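What you see is a predicted model; the values in this text were computed from it and never measured.
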Amino acid sequence: LESRYLRASNYTQFIDKNELLHALSITKHMYPGIDEKKKYLFAACFTPLDKPMSYENYSFHWENYANNSRGVALEFEISRIPLKAFHYSLRVHYLSASDQNDLLTQLSSKKILDVVIESLFPILGSIKEPSFVNEREIRLVYNPGQETLRTENQNKEFDFNLGRDNSIEYFAKLPFDFKPRIDGVDSIMTLKTVHIGKEAEINDGQRTLLEHIIPIYDKRGVQFKWVS
């Protein structure tokens, strides 16, 4: 909330190494530069709020991504249409390994220019195994080229963490705001609501802090809601 940006992780640092990397390994023979290009693909993951927010409607997410309803869910809405350059909003498709192989085999059997393959990166990076279908995921993908990454980095739109093995892990900053385009921030999203899990434990100190924070964010259009 203080920095007003979300982190879009680099695909090479995703926990599930089969995402995109499997697709790239199959198409590698037709596009030798693919290993280098995958360094410039970033994604942040969301779930569409197409049902009323409740534990029953989103139990999978509350259990698996919010510490069994002890955490919070942040609700955003897109505040910029169209999105910024090199940004894509894509719904994840859940295909079995055999279906993925069939798709990529058909792709590799055709003569396709390198530039077309590169433009397909965000789509290839939005395919997952059917076992993840309960996520109902949507991804905000950022796919800058090497030159863009170098230029944008000077503008502080990228940053890095040190991994457990002290390796450098880059991420892209996706700016959001409390109201569109205030303070000169060219935001992509607006924070709309903070949904608090039904099992969230709040001590007296935290409750006092919330009582002071909520009115401040309320003036900026951010709601706090307890999920039942």
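Using a 4.5 Å heavy-atom cutoff, the side chains of L74 and L191 are in contact. Between L41 and V141, some side-chain heavy-atom pair lies under the 4.5 Å cut-off.
Both tests pass for R7 against the ring of F171: distance under 6.0 Å to the centre and angle within 45° of the axis. A cation-pi arrangement is present between K198 and Y55, with the terminal nitrogen or guanidinium carbon under 6.0 Å from the aromatic centre and inside a 45° cone about the axis.
Side-chain atoms of N57 do not come within 3.5 Å of backbone N or O of M53 as any donor-acceptor pair. No donor-acceptor distance shorter than 3.5 angstrom exists from the side chain of Y142 to the backbone of L174, with no hydrogens or angles considered. Formation of a donor-acceptor pair under 3.5 Å by the H61 side chain with backbone atoms of A66 is not found in this model.
Linking ILVMFWY side-chain heavy atoms closer than 4.5 Å, directly or via other members, places V194 and V227 in two distinct hydrophobic clusters. Using a 4.5 Å cut-off between side-chain heavy atoms of Ile, Leu, Val, Met, Phe, Trp and Tyr, with links allowed through other members, I196 and Y65 fall into different hydrophobic clusters. I78 and I138 sit in two unconnected hydrophobic clusters of ILVMFWY residues. Membership requires side-chain heavy atoms under 4.5 Å apart, directly or through other members. Hydrophobic clustering (ILVMFWY, side-chain heavy atoms < 4.5 Å, transitive): F178 and L49 are in distinct clusters.
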> E135 and V92: side chain to side chain contact (heavy atoms under 4.5 Å, CB included), yes or no, with the steps?
Replying inline: CA-CA 9 Å; E135 294 176 348; V92 169; over 6 Å; no
>> Checking E137 against R91 for the salt bridge (charged side-chain N to carboxylate O under 4.0 Å, His left out) test, could you report, in this order, the C-alpha distance in whole Å, the side-chain angles of both residues, the deciding distance, and whether it holds?
In response: CA-CA 6 Å; E137 184 179 333; R91 183 179 294 274; over 6 Å; no
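Nearest heavy-atom pair, L140 versus F46, reported as atom, atom and distance to 0.1 Å: CB-CE1, 3.9 Å. Annotation for H195 and W62: closest pair O-CH2, 3.5 Å, computed over non-hydrogen atoms. Of all the heavy atoms in P48 and R136, the pair that sits closest is CD-O, 3.0 Å. The two residues D50 and Y58 come nearest to each other via the heavy atoms N-OH, 3.2 Å. Heavy-atom minimum distance, R70 versus E199: CG-O, 3.7 Å.
Inspection of the S126 and H93 side chains reveals no N or O donor paired with an N or O acceptor under 3.5 Å.
Within the model, atoms NZ of K173 and CZ of R4 stand 12.5 Å from one another, a figure rounded to the nearest 0.5 Å. Separation of atoms CD1 (I188) and CZ (F76) is listed at 11.5 Å; rounding is to 0.5 Å. Here the straight-line distance linking atom CG of L90 with atom CD1 of I127 works out to 10.5 Å at 0.5 Å rounding.
Taking a cutoff of 4.0 Å between a charged side-chain nitrogen and a carboxylate oxygen, E75 and K225 do not qualify as a salt bridge.
Listed by chain and residue number, nothing satisfies the ring-ring contact (aromatic ring centres under 6.0 Å, His included) test with Y5 (two or more places apart in sequence, or in another chain). The side chain to side chain donor-acceptor pair (under 3.5 Å) test applied to S89 returns no partner, not counting sequence neighbours.
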